[in-house]
Amino acid sequence: YTLSGGQINLDGSSGYVSLPAGILSGVNEVAIETWVTFGSPVNTWADLFAFGNSELAGNGENYISMQPHTGGGTASLNFGQGDPGNSGERDAVINNTLDGQANMQIVAVYHPLAGYEAFYTNGVLAASISMFNILIDPVASVDPAFNNGSILSYTLGSDPINYIGCSLYSSDPTLNASIQEFRIYTNAITASQIAADYALGPNQLLGTSVNTSLSASASGGNVTIKWPTTSALVTLLSSPTLGASAVWTHVTAPLSVVGGNYQVTVPATGTLFFRLQ
């Protein structure tokens, strides 16, 4: 592999990134955000990331991973439990590969306490699947050592092996791709935060300020709502009334970034009040 232009370039044959052991040990939920340009074609079964363990026979066990090009012609976000892990994977699947995609935002969210894993591409939910909770999981529920953490924490355990661009299965190839950004959040970031992150672009951090205000301007039958990108509040809500009768709903219009502000444009029809969450 090489490092150049602010990114790591993996050629699919001679390198990958090995992260420190235990970086997800004890974590009950996680989001992994990347900006990546994939080769064309991507090596089949290569992993963008793989965190967990591998047994002596070379099979992955107890892991999370993401594959941009599976043998079935899909892209897959994986939660593998047991030995080997693929015997009981829970996979969120996109029905096409990601070959040749350039500067693509990929966010993987594992949120077992809320019962799901979710796969986002370029700010939009692409696939999701339910995850076992701690009570019905067929492995954890019969283990006297189960410690009441989430099933993610239970499954990853000490999390000894953590790769970017390499699989926990020894027969799988390494990844051919260029990765500009790779971030691990030890919480399940929301759909609105993922959309805001995509609007900001690579190598930008979500804001942390909770002291923010909205501004509005009307033009051509539309209203444009703006607020600073330094804000931690990124979910725009609207209601036709205020007070006890207010019904606040998520504004689903596209989010963009203009001049240091998030910006949403909606039709100027009726009466609407706006707030951030």
Side-chain angles (χ1 to χ4, degrees), residues 23-24 26-36 48-49 51 64-66 68 75 77-79 92 94 98 101 103-131 150-153 164 179-216 224-239 248-266 273-277:
I23 56 176
L24 292 187
V27 172
N28 287 315
E29 56 194 60
V30 69
I32 299 168
E33 181 234 345
T34 68
W35 287 79
V36 57
L48 174 58
F49 65 81
F51 297 160
I64 59 174
S65 65
M66 184 268 155
L77 182 67
N78 313 312
F79 174 78
I94 301 174
L98 303 182
Q101 294 290 326
N103 201 31
M104 186 179 214
Q105 183 213 38
I106 292 177
V107 181
V109 179
Y110 295 88
H111 196 358
L113 297 179
Y116 71 88
E117 60 185 89
F119 188 174
Y120 291 81
T121 59
N122 290 343
V124 177
L125 179 65
S128 65
I129 192 171
S130 63
M131 290 185 74
S150 81
I151 198 61
L152 179 68
S153 173
I164 300 172
I179 300 169
Q180 187 173 6
E181 180 180 347
F182 193 98
R183 295 186 189 277
I184 300 171
Y185 298 86
T186 54
N187 62 290
I189 57 178
T190 66
S192 293
Q193 288 174 309
I194 292 167
D197 182 90
Y198 176 65
L200 285 172
N203 300 315
Q204 302 293 320
L205 288 172
L206 291 169
T208 57
S209 174
V210 295
N211 298 314
T212 195
S213 60
L214 294 171
S215 64
T224 298
I225 312 296
K226 298 180 181 180
W227 67 99
T229 57
T230 56
S231 175
L233 310 175
V234 293
T235 305
L236 184 65
L237 305 174
S238 68
S239 172
W248 295 97
T249 58
H250 183 202
V251 178
T252 57
L255 182 71
S256 59
V257 172
V258 178
N261 290 303
Y262 291 118
Q263 179 172 298
V264 172
T265 299
V266 297
F273 298 91
F274 296 90
R275 75 179 189 188
L276 289 173
Q277 176 177 282

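In this chain, numbering begins with 1 at the start of the sequence shown.
- Ring orientation note: the planes of Phe49 and Tyr110 are nearly perpendicular, at an angle over 60° on the 30°/60° scale.
- The minimum heavy-atom distance linking Phe274 with Val266 is given by the pair CZ-CG2, 3.9 Å.
- Checked against the 6.0 Å centroid threshold, Tyr198 and Trp35 count as a close aromatic pair.
- Pairing each heavy atom of Ser153 with each of Gly26, the nearest pair is OG-CA, 3.5 Å.
- Contact record, Val251 with Leu237: CG2-C, 3.9 Å, taken as the closest heavy-atom pair.
- With hydrogens and angles disregarded, a donor-acceptor distance shorter than 3.5 Å links the side chain of Ser150 to the backbone of Asn28.
- Residues Arg183 and Ile32 form no side-chain contact, since every pair of their non-hydrogen atoms from C-beta on lies 4.5 Å or further apart.
- The shortest non-hydrogen separation linking Ala188 to Glu29 is N-OE2, 3.0 Å.
- The CD atom of Gln193 sits 6.0 Å away from the CG atom of Leu206 when rounded to the nearest 0.5 Å.
- Counting heavy atoms from C-beta outward, Leu113 and Leu152 have side chains that stay 4.5 Å or more apart.
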Donor-acceptor pairs are to be reported for all side-chain atoms of residues 253-265 against protein atoms at under 3.5 Å, with residues two or more places apart or in another chain.
unit_1 : atom_1 : unit_2 : atom_2 : d
Ser256 : OG     : Gln263 : O      : 3.4
Thr265 : OG1    : Thr224 : OG1    : 3.1

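- With rounding to the nearest 0.5 Å, the separation of CD1 in Ile64 from CG in Leu24 is 5.5 Å.
- In this structure Arg275 satisfies the salt bridge (Lys or Arg N to Asp or Glu O under 4.0 Å) test with no other residue, sequence neighbours excluded.
- Here the side chain of Gln101 pairs no donor or acceptor atom with the backbone of Leu98 at under 3.5 angstrom.
- Contact of the Met66 side chain with the Phe119 side chain is registered, since non-hydrogen atoms from C-beta on lie closer than 4.5 Å.
- Under the 4.5 Å side-chain criterion, counting only non-hydrogen atoms from C-beta, Thr230 is not in contact with Thr208.
- To the nearest 0.5 Å, the span separating CD on Gln180 from CG on Asn103 amounts to 5.5 Å.
- Atom OG in Ser130 sits 12.5 Å away from atom OH in Tyr116 (nearest 0.5 Å).
- Annotation: side chain of Val109 is in contact with side chain of Ile194 (closest heavy-atom distance under 4.5 Å).
- Taking all atoms of both residues into account, the shortest heavy-atom contact from Leu233 to Trp227 is O-NE1, 3.1 Å.
- Looking at heavy atoms from C-beta onward, Val107 lies in side-chain contact with Ile189 at the 4.5 angstrom threshold.
- Put simply, the side chain of Thr249 reaches to within 4.5 Å of the side chain of Ser238, judged on heavy atoms.
- Separation of atoms CG (Leu214) and CG (Leu276) is listed at 4.0 Å; rounding is to 0.5 Å.
- Put simply, CG on Asn78 and CD1 on Ile129 are 10.0 Å apart, with the number rounded to the nearest 0.5 Å.
- Contact annotation: the side chain of Glu117 never approaches that of His111 to less than 4.5 Å [non-hydrogen atoms, C-beta and beyond].
- A side-chain donor-acceptor contact under 3.5 Å links Gln105 to the backbone of Gly123.
- The nearest pair of heavy atoms linking Glu181 to Gly201 is OE1-O, 4.5 Å.
- For Thr34 (side chain) and Val36 (main-chain N/O), no donor-acceptor pair under 3.5 Å exists by modelled atom type.
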